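A short worksheet on the structure shown next.
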Number of protein chains: 2
Amino acid sequence: MQNEPAEMPKIALRAIRSEAGLSLAQTAEITGVSKAMLGQIERGESSPTLVTLWKLAKGFHLPLTAFLEGAATTPPAVNFPESIRFRTLFAFDPTLGSESFLITLAPGQTHISHPHDAGVVEDIFVTEGTLELQLGETWTRYSAGAAVRFAADQPHSYRNPTENPALFHNTMHYPRI
Amino acid sequence: MQNEPAEMPKIALRAIRSEAGLSLAQTAEITGVSKAMLGQIERGESSPTLVTLWKLAKGFHLPLTAFLEGAATTPPAVNFPESIRFRTLFAFDPTLGSESFLITLAPGQTHISHPHDAGVVEDIFVTEGTLELQLGETWTRYSAGAAVRFAADQPHSYRNPTENPALFHNTMHYPRI
DNA sequence: CGGTCATGTCCGTTATAACGCACAAAGCGT
DNA sequence: ACGCTTTGTGCGTTATAACGGACATGACCG
(Lines give C-alpha, C1' and ligand atoms only; values in the text may rest on other atoms or scores of the structure.)
Protein backbone atom coordinates (compact mmCIF):
# COMPACT_ATOMS: atom_id res chain seq x y z
CA MET A 1 0.00 0.00 0.00
CA GLN A 2 2.45 2.15 0.56
CA ASN A 3 3.62 4.03 -2.22
CA GLU A 4 0.70 5.49 -4.00
CA PRO A 5 1.39 6.25 -7.62
CA ALA A 6 2.61 9.33 -6.00
CA GLU A 7 0.64 11.92 -7.78
CA MET A 8 3.59 14.20 -7.81
CA PRO A 9 2.64 17.42 -6.06
CA LYS A 10 2.10 20.16 -8.55
CA ILE A 11 3.38 23.66 -8.06
CA ALA A 12 1.25 26.71 -8.67
CA LEU A 13 4.23 28.63 -9.98
CA ARG A 14 2.99 29.24 -13.48
CA ALA A 15 -0.33 30.58 -12.22
CA ILE A 16 1.31 32.86 -9.69
CA ARG A 17 3.84 34.13 -12.17
CA SER A 18 1.33 34.93 -14.87
CA GLU A 19 -0.90 36.50 -12.25
CA ALA A 20 1.98 38.81 -11.43
CA GLY A 21 2.62 39.39 -15.13
CA LEU A 22 6.27 38.40 -14.98
CA SER A 23 8.48 36.63 -17.51
CA LEU A 24 10.77 33.77 -16.63
CA ALA A 25 13.73 36.13 -16.82
CA GLN A 26 12.16 38.64 -14.48
CA THR A 27 11.16 35.89 -12.11
CA ALA A 28 14.71 34.55 -12.16
CA GLU A 29 15.87 38.05 -11.31
CA ILE A 30 13.70 38.52 -8.25
CA THR A 31 13.93 34.99 -6.92
CA GLY A 32 17.53 34.09 -7.66
CA VAL A 33 16.45 30.84 -9.31
CA SER A 34 17.67 30.27 -12.85
CA LYS A 35 15.33 30.79 -15.76
CA ALA A 36 15.84 27.25 -17.02
CA MET A 37 14.99 25.76 -13.65
CA LEU A 38 11.84 27.85 -13.36
CA GLY A 39 10.71 26.52 -16.71
CA GLN A 40 11.34 22.93 -15.69
CA ILE A 41 9.48 23.38 -12.44
CA GLU A 42 6.50 24.85 -14.24
CA ARG A 43 6.37 21.92 -16.65
CA GLY A 44 6.73 19.41 -13.84
CA GLU A 45 10.09 18.21 -15.13
CA SER A 46 11.82 18.92 -11.88
CA SER A 47 10.99 18.59 -8.22
CA PRO A 48 12.28 21.74 -6.54
CA THR A 49 14.35 21.67 -3.39
CA LEU A 50 13.09 23.28 -0.24
CA VAL A 51 15.66 26.06 -0.59
CA THR A 52 14.40 26.71 -4.10
CA LEU A 53 10.81 26.82 -2.91
CA TRP A 54 11.97 29.20 -0.24
CA LYS A 55 13.57 31.49 -2.81
CA LEU A 56 10.34 31.53 -4.76
CA ALA A 57 8.31 32.39 -1.67
CA LYS A 58 10.71 35.18 -0.76
CA GLY A 59 10.80 36.55 -4.27
CA PHE A 60 7.04 36.76 -4.55
CA HIS A 61 6.60 37.79 -0.94
CA LEU A 62 4.19 34.94 -0.46
CA PRO A 63 3.97 32.19 2.11
CA LEU A 64 5.33 28.87 1.00
CA THR A 65 1.90 27.33 1.12
CA ALA A 66 0.82 29.56 -1.77
CA PHE A 67 2.79 27.27 -4.09
CA LEU A 68 1.56 23.99 -2.69
CA GLU A 69 -1.62 22.50 -4.02
CA GLY A 70 -2.01 20.01 -1.22
CA ALA A 71 -1.36 22.38 1.64
CA ALA A 72 -4.39 24.56 1.86
CA THR A 73 -7.74 23.23 0.99
CA THR A 74 -11.25 23.68 -0.15
CA PRO A 75 -14.87 24.17 0.89
CA PRO A 76 -18.61 23.55 0.23
CA ALA A 77 -21.92 24.30 1.97
CA VAL A 78 -25.46 23.14 3.06
CA ASN A 79 -28.70 24.39 4.51
CA PHE A 80 -29.55 24.66 8.12
CA PRO A 81 -32.21 26.24 10.30
CA GLU A 82 -31.55 29.77 11.39
CA SER A 83 -31.63 32.15 14.31
CA ILE A 84 -30.36 30.24 17.27
CA ARG A 85 -28.41 31.31 20.32
CA PHE A 86 -26.21 28.37 20.97
CA ARG A 87 -25.98 26.06 18.06
CA THR A 88 -23.85 22.96 17.77
CA LEU A 89 -22.19 22.94 14.40
CA PHE A 90 -20.23 19.74 14.86
CA ALA A 91 -20.71 17.52 17.86
CA PHE A 92 -17.76 16.05 19.65
CA ASP A 93 -15.95 13.37 17.66
CA PRO A 94 -13.39 11.29 19.57
CA THR A 95 -11.47 10.51 16.41
CA LEU A 96 -11.00 14.13 15.56
CA GLY A 97 -10.83 15.37 19.11
CA SER A 98 -12.88 18.48 18.54
CA GLU A 99 -16.32 20.02 18.60
CA SER A 100 -17.55 23.38 17.45
CA PHE A 101 -20.39 25.75 18.09
CA LEU A 102 -21.91 28.89 16.70
CA ILE A 103 -22.76 31.26 19.47
CA THR A 104 -24.92 34.33 19.46
CA LEU A 105 -24.48 36.68 22.35
CA ALA A 106 -27.26 39.23 22.82
CA PRO A 107 -26.40 42.88 23.55
CA GLY A 108 -25.20 43.40 27.10
CA GLN A 109 -24.99 39.70 27.90
CA THR A 110 -22.16 37.98 29.74
CA HIS A 111 -21.33 34.29 29.75
CA ILE A 112 -19.01 32.68 32.27
CA SER A 113 -17.26 29.51 31.22
CA HIS A 114 -15.70 27.15 33.71
CA PRO A 115 -12.19 25.87 33.05
CA HIS A 116 -11.88 22.74 30.95
CA ASP A 117 -9.38 19.93 31.27
CA ALA A 118 -5.66 20.57 31.08
CA GLY A 119 -4.40 20.88 27.54
CA VAL A 120 -7.73 21.83 26.08
CA VAL A 121 -7.46 24.60 23.52
CA GLU A 122 -10.26 26.87 22.46
CA ASP A 123 -10.60 28.82 19.23
CA ILE A 124 -12.73 31.88 18.74
CA PHE A 125 -13.57 33.55 15.49
CA VAL A 126 -15.83 36.59 15.50
CA THR A 127 -18.07 36.73 12.48
CA GLU A 128 -20.31 39.61 13.43
CA GLY A 129 -20.37 42.39 15.98
CA THR A 130 -17.95 42.84 18.84
CA LEU A 131 -17.02 40.52 21.66
CA GLU A 132 -14.92 40.79 24.78
CA LEU A 133 -13.03 37.86 26.21
CA GLN A 134 -11.74 37.61 29.74
CA LEU A 135 -8.62 35.56 30.41
CA GLY A 136 -7.42 35.77 33.98
CA GLU A 137 -7.95 39.37 34.97
CA THR A 138 -7.85 41.12 31.64
CA TRP A 139 -10.63 41.70 29.18
CA THR A 140 -9.73 41.96 25.53
CA ARG A 141 -11.98 43.25 22.81
CA TYR A 142 -12.37 41.52 19.47
CA SER A 143 -14.34 42.64 16.45
CA ALA A 144 -15.60 40.84 13.40
CA GLY A 145 -12.77 39.03 11.64
CA ALA A 146 -10.68 38.49 14.75
CA ALA A 147 -9.36 35.03 15.52
CA VAL A 148 -8.10 33.98 18.96
CA ARG A 149 -6.69 30.77 20.28
CA PHE A 150 -6.16 30.29 24.00
CA ALA A 151 -5.70 27.65 26.66
CA ALA A 152 -9.12 26.75 28.01
CA ASP A 153 -7.91 25.19 31.24
CA GLN A 154 -8.37 28.50 32.99
CA PRO A 155 -11.49 30.47 33.87
CA HIS A 156 -12.68 32.63 31.01
CA SER A 157 -15.77 34.65 30.17
CA TYR A 158 -17.42 36.31 27.22
CA ARG A 159 -19.51 39.43 27.09
CA ASN A 160 -21.09 41.62 24.49
CA PRO A 161 -20.73 45.27 25.50
CA THR A 162 -22.41 46.68 22.39
CA GLU A 163 -25.96 47.40 21.31
CA ASN A 164 -25.93 44.79 18.58
CA PRO A 165 -25.79 41.03 18.75
CA ALA A 166 -22.37 39.37 18.60
CA LEU A 167 -21.92 36.24 16.58
CA PHE A 168 -18.90 34.00 16.88
CA HIS A 169 -17.53 30.60 16.18
CA ASN A 170 -16.21 28.45 18.96
CA THR A 171 -14.12 25.33 18.51
CA MET A 172 -12.86 23.14 21.33
CA HIS A 173 -9.79 21.00 20.79
CA TYR A 174 -9.08 18.07 23.05
CA PRO A 175 -5.43 17.21 22.39
CA ARG A 176 -4.27 13.71 21.70
CA ILE A 177 -1.95 11.74 23.91
CA MET B 1 21.48 41.72 -3.77
CA GLN B 2 19.96 40.18 -1.68
CA ASN B 3 20.85 37.08 -0.52
CA GLU B 4 19.67 37.42 2.94
CA PRO B 5 21.52 35.10 5.21
CA ALA B 6 18.67 33.08 4.07
CA GLU B 7 17.39 31.78 7.27
CA MET B 8 17.20 28.38 5.75
CA PRO B 9 13.74 26.99 6.28
CA LYS B 10 13.73 24.59 9.12
CA ILE B 11 11.98 21.26 8.99
CA ALA B 12 10.01 19.95 11.94
CA LEU B 13 10.82 16.37 11.06
CA ARG B 14 12.70 15.47 14.21
CA ALA B 15 9.94 16.84 16.42
CA ILE B 16 7.23 15.03 14.50
CA ARG B 17 9.14 11.80 14.43
CA SER B 18 9.96 11.75 18.13
CA GLU B 19 6.40 12.77 18.87
CA ALA B 20 5.30 9.66 17.03
CA GLY B 21 7.96 7.63 18.83
CA LEU B 22 9.51 6.26 15.66
CA SER B 23 13.13 5.45 14.86
CA LEU B 24 14.84 6.53 11.68
CA ALA B 25 14.53 3.00 10.35
CA GLN B 26 10.81 2.85 11.04
CA THR B 27 10.32 6.25 9.53
CA ALA B 28 12.23 5.17 6.44
CA GLU B 29 9.90 2.19 6.27
CA ILE B 30 6.65 4.13 6.31
CA THR B 31 7.77 7.05 4.19
CA GLY B 32 9.98 5.39 1.59
CA VAL B 33 12.78 7.85 2.27
CA SER B 34 16.15 6.37 3.16
CA LYS B 35 17.32 6.38 6.72
CA ALA B 36 20.46 8.29 5.88
CA MET B 37 18.56 11.02 4.11
CA LEU B 38 16.15 11.38 7.01
CA GLY B 39 19.10 11.92 9.33
CA GLN B 40 20.63 14.55 7.07
CA ILE B 41 17.34 16.40 6.76
CA GLU B 42 16.89 16.43 10.50
CA ARG B 43 20.38 17.88 11.01
CA GLY B 44 19.85 20.47 8.32
CA GLU B 45 22.56 19.00 6.12
CA SER B 46 20.25 18.51 3.19
CA SER B 47 17.43 20.47 1.62
CA PRO B 48 14.75 17.95 0.76
CA THR B 49 13.06 17.83 -2.61
CA LEU B 50 9.36 18.44 -2.92
CA VAL B 51 8.79 14.77 -3.72
CA THR B 52 10.65 13.84 -0.57
CA LEU B 53 8.58 16.26 1.50
CA TRP B 54 5.54 14.72 -0.10
CA LYS B 55 6.62 11.24 0.93
CA LEU B 56 7.07 12.46 4.48
CA ALA B 57 3.63 14.03 4.55
CA LYS B 58 2.05 10.87 3.17
CA GLY B 59 3.93 8.63 5.55
CA PHE B 60 2.89 10.57 8.62
CA HIS B 61 -0.59 11.28 7.29
CA LEU B 62 0.00 14.93 7.83
CA PRO B 63 -0.41 17.99 5.65
CA LEU B 64 2.77 19.32 4.14
CA THR B 65 2.51 22.46 6.21
CA ALA B 66 3.10 20.41 9.34
CA PHE B 67 6.78 20.22 8.39
CA LEU B 68 7.28 23.85 7.47
CA GLU B 69 8.11 26.08 10.39
CA GLY B 70 8.50 29.37 8.62
CA ALA B 71 5.72 28.88 6.13
CA ALA B 72 2.94 30.50 8.09
CA THR B 73 5.13 33.26 9.46
CA THR B 74 4.95 35.24 6.25
CA PRO B 75 1.88 37.04 4.93
CA PRO B 76 -1.48 36.13 6.45
CA ALA B 77 -3.71 36.43 3.40
CA VAL B 78 -2.91 34.88 0.04
CA ASN B 79 -4.33 35.74 -3.32
CA PHE B 80 -4.87 32.73 -5.48
CA PRO B 81 -5.07 33.04 -9.23
CA GLU B 82 -8.72 32.12 -9.34
CA SER B 83 -9.99 34.91 -7.10
CA ILE B 84 -10.20 32.79 -4.08
CA ARG B 85 -8.76 34.19 -0.91
CA PHE B 86 -7.42 32.02 1.87
CA ARG B 87 -6.84 33.57 5.20
CA THR B 88 -5.26 31.29 7.74
CA LEU B 89 -7.07 31.65 11.03
CA PHE B 90 -5.19 28.95 12.86
CA ALA B 91 -2.15 27.31 11.34
CA PHE B 92 -1.75 23.58 11.54
CA ASP B 93 -0.96 22.32 15.01
CA PRO B 94 0.23 18.71 15.26
CA THR B 95 -0.99 18.41 18.81
CA LEU B 96 -4.51 19.41 17.94
CA GLY B 97 -4.47 17.85 14.50
CA SER B 98 -6.34 20.65 12.80
CA GLU B 99 -5.98 23.86 10.88
CA SER B 100 -8.60 26.37 9.82
CA PHE B 101 -9.09 29.00 7.19
CA LEU B 102 -11.44 31.77 6.28
CA ILE B 103 -12.18 31.61 2.59
CA THR B 104 -13.68 34.15 0.25
CA LEU B 105 -14.94 32.97 -3.10
CA ALA B 106 -15.62 35.67 -5.67
CA PRO B 107 -18.90 35.68 -7.68
CA GLY B 108 -18.97 33.10 -10.44
CA GLN B 109 -15.75 31.44 -9.38
CA THR B 110 -15.06 27.73 -9.03
CA HIS B 111 -12.32 26.11 -7.02
CA ILE B 112 -11.28 22.49 -7.40
CA SER B 113 -9.76 20.72 -4.44
CA HIS B 114 -7.69 17.58 -4.70
CA PRO B 115 -8.49 14.69 -2.40
CA HIS B 116 -6.68 14.67 0.89
CA ASP B 117 -5.33 11.80 2.89
CA ALA B 118 -7.67 9.01 3.93
CA GLY B 119 -9.52 9.85 7.12
CA VAL B 120 -9.18 13.57 6.74
CA VAL B 121 -12.40 15.36 7.59
CA GLU B 122 -13.32 18.81 6.42
CA ASP B 123 -15.78 21.21 8.01
CA ILE B 124 -17.49 24.07 6.27
CA PHE B 125 -19.57 26.82 7.74
CA VAL B 126 -21.02 29.49 5.49
CA THR B 127 -21.04 32.91 7.07
CA GLU B 128 -22.06 35.03 4.11
CA GLY B 129 -23.55 34.52 0.68
CA THR B 130 -24.23 31.24 -1.06
CA LEU B 131 -22.01 28.54 -2.40
CA GLU B 132 -22.24 25.13 -3.96
CA LEU B 133 -20.23 22.07 -3.05
CA GLN B 134 -19.52 19.16 -5.33
CA LEU B 135 -19.02 15.76 -3.76
CA GLY B 136 -18.67 13.02 -6.34
CA GLU B 137 -21.13 13.93 -9.05
CA THR B 138 -23.66 15.99 -7.18
CA TRP B 139 -23.62 19.66 -6.45
CA THR B 140 -25.37 20.87 -3.33
CA ARG B 141 -26.22 24.43 -2.52
CA TYR B 142 -25.60 25.99 0.85
CA SER B 143 -26.48 29.43 2.17
CA ALA B 144 -25.32 31.51 5.09
CA GLY B 145 -25.69 29.61 8.34
CA ALA B 146 -25.20 26.19 6.77
CA ALA B 147 -22.72 23.74 8.27
CA VAL B 148 -21.31 20.70 6.48
CA ARG B 149 -18.90 18.00 7.45
CA PHE B 150 -17.58 15.57 4.87
CA ALA B 151 -14.76 13.16 4.13
CA ALA B 152 -12.06 15.07 2.31
CA ASP B 153 -10.37 12.02 0.84
CA GLN B 154 -12.40 12.38 -2.32
CA PRO B 155 -12.30 14.99 -5.06
CA HIS B 156 -14.48 17.95 -4.24
CA SER B 157 -15.05 21.40 -5.59
CA TYR B 158 -16.86 24.52 -4.67
CA ARG B 159 -18.29 27.32 -6.66
CA ASN B 160 -20.12 30.54 -6.11
CA PRO B 161 -23.06 30.74 -8.53
CA THR B 162 -24.34 34.08 -7.23
CA GLU B 163 -23.59 37.73 -7.89
CA ASN B 164 -22.20 38.34 -4.42
CA PRO B 165 -19.08 37.07 -2.72
CA ALA B 166 -19.34 33.94 -0.61
CA LEU B 167 -17.56 33.81 2.73
CA PHE B 168 -17.03 30.64 4.67
CA HIS B 169 -15.07 28.93 7.33
CA ASN B 170 -13.00 25.87 6.60
CA THR B 171 -11.48 23.53 9.15
CA MET B 172 -9.37 20.50 8.33
CA HIS B 173 -9.11 17.63 10.78
CA TYR B 174 -6.26 15.15 10.51
CA PRO B 175 -7.24 12.18 12.65
CA ARG B 176 -4.77 10.16 14.63
CA ILE B 177 -3.68 7.07 12.82
C1' DC C 1 32.71 -9.18 30.46
C1' DG C 2 31.16 -10.97 25.35
C1' DG C 3 26.89 -11.44 22.34
C1' DT C 4 22.96 -9.37 20.25
C1' DC C 5 20.09 -5.91 19.07
C1' DA C 6 18.77 -1.26 18.41
C1' DT C 7 19.93 3.34 17.56
C1' DG C 8 21.95 7.11 14.50
C1' DT C 9 25.98 8.61 11.53
C1' DC C 10 29.64 8.11 7.87
C1' DC C 11 31.02 6.75 3.10
C1' DG C 12 31.05 5.71 -1.95
C1' DT C 13 27.89 5.66 -5.81
C1' DT C 14 24.05 7.02 -8.51
C1' DA C 15 20.25 10.01 -9.72
C1' DT C 16 18.84 14.44 -10.47
C1' DA C 17 18.27 19.45 -9.23
C1' DA C 18 20.34 23.71 -10.56
C1' DC C 19 23.26 26.44 -13.31
C1' DG C 20 24.95 29.24 -17.58
C1' DC C 21 24.76 29.74 -22.17
C1' DA C 22 23.05 29.06 -26.65
C1' DC C 23 19.15 28.48 -29.49
C1' DA C 24 14.26 28.74 -31.95
C1' DA C 25 9.99 30.93 -32.09
C1' DA C 26 7.05 34.76 -31.59
C1' DG C 27 6.43 40.05 -31.18
C1' DC C 28 7.61 44.98 -32.55
C1' DG C 29 9.39 48.56 -34.83
C1' DT C 30 11.39 50.84 -39.03
C1' DA D 1 11.02 42.20 -45.82
C1' DC D 2 14.88 43.16 -42.10
C1' DG D 3 17.01 43.75 -37.60
C1' DC D 4 16.24 43.93 -32.62
C1' DT D 5 14.08 42.36 -28.55
C1' DT D 6 11.70 39.17 -25.61
C1' DT D 7 9.63 35.05 -24.96
C1' DG D 8 10.43 30.10 -23.44
C1' DT D 9 13.04 25.65 -24.18
C1' DG D 10 17.25 22.55 -25.15
C1' DC D 11 21.98 21.08 -23.90
C1' DG D 12 26.36 20.18 -21.35
C1' DT D 13 28.39 20.79 -16.83
C1' DT D 14 28.45 21.18 -11.94
C1' DA D 15 26.44 20.77 -7.41
C1' DT D 16 24.00 18.13 -4.41
C1' DA D 17 19.97 15.18 -2.99
C1' DA D 18 19.10 10.40 -2.35
C1' DC D 19 20.40 5.69 -1.90
C1' DG D 20 22.38 1.20 0.11
C1' DG D 21 25.49 -0.70 2.98
C1' DA D 22 29.07 -0.42 6.45
C1' DC D 23 30.25 1.48 10.79
C1' DA D 24 30.41 3.33 15.87
C1' DT D 25 27.93 3.75 19.93
C1' DG D 26 25.07 2.57 23.61
C1' DA D 27 21.33 -0.53 25.84
C1' DC D 28 19.93 -4.79 27.34
C1' DC D 29 20.89 -9.57 28.63
C1' DG D 30 23.32 -13.94 29.16
Side-chain angles (χ1 to χ4, degrees), chain A residues 1-60 62 64-71, chain B residues 1-60 62 64-71 81 177:
Chain A
M1 55 127 182
Q2 49 225 47
N3 285 339
E4 298 280 325
E7 176 206 333
M8 158 89 164
K10 253 198 58 179
I11 292 284
L13 176 57
R14 173 156 284 163
I16 290 177
R17 182 172 66 86
S18 68
E19 176 77 8
L22 296 177
S23 69
L24 285 182
Q26 291 172 310
T27 305
E29 187 69 21
I30 65 168
T31 59
V33 178
S34 78
K35 194 171 55 161
M37 181 50 52
L38 292 171
Q40 293 188 23
I41 292 173
E42 286 189 351
R43 298 170 245 143
E45 295 176 16
S46 183
S47 172
T49 298
L50 185 57
V51 295
T52 305
L53 286 172
W54 195 255
K55 289 178 186 175
L56 295 179
K58 286 289 184 188
F60 281 102
L62 287 175
L64 227 165
T65 54
F67 297 88
L68 305 175
E69 296 293 334
Chain B
M1 50 181 214
Q2 45 258 70
N3 285 344
E4 296 279 322
E7 176 203 332
M8 161 86 165
K10 251 196 52 181
I11 291 282
L13 175 57
R14 173 156 286 163
I16 290 177
R17 181 172 66 86
S18 69
E19 177 76 8
L22 295 177
S23 69
L24 284 183
Q26 291 172 311
T27 306
E29 188 69 21
I30 66 170
T31 60
V33 178
S34 77
K35 195 173 53 161
M37 181 50 53
L38 292 171
Q40 294 187 24
I41 293 172
E42 287 189 351
R43 296 169 247 144
E45 295 174 16
S46 184
S47 173
T49 298
L50 185 56
V51 294
T52 303
L53 286 172
W54 197 255
K55 289 179 186 174
L56 296 179
K58 284 290 184 186
F60 281 102
L62 288 175
L64 235 166
T65 54
F67 297 89
L68 305 175
E69 290 299 329
I177 323 176

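Chain identifiers are assigned alphabetically (A, B, ...) following the order of the sequence lines, protein sequences preceding nucleic acid strands; residue numbering begins at 1 within each chain. On a predicted model such as this, the values are computed, not experimentally measured, just so you know.
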* Contact letters for nucleotides 9-20 of chain C, in which S counts primed atoms plus P, OP1 and OP2 and B counts the base, heavy atoms under 4.0 Å -> BB------SBBB
* Compare side-chain N and O positions of Ser23(A) against OP1 and OP2 of dT6(D) and report whether any pair is under 4.0 Å apart. => no
* OP1 or OP2 of dG8(C) under 4.0 Å from side-chain N/O of Arg17(B) ->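 Checking Arg17(B) against dG8(C): at least one side-chain N or O falls below 4.0 Å of OP1 or OP2.
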Just by modelled atom types, is the [Y] backbone N or O under 3.5 Å from a matching donor or acceptor in the [X] side chain?
X        : Y        : result
Arg17(B) : Leu22(B) : yes
Thr49(B) : Thr52(B) : no
Arg43(B) : Gly39(B) : yes
Ser46(A) : Gln40(A) : no
Thr31(B) : Gly59(B) : no

* Asked: Rounding to a whole Å, what distance do you find between Leu56(B):CG and dA18(D):C1'?
  -> 12 Å
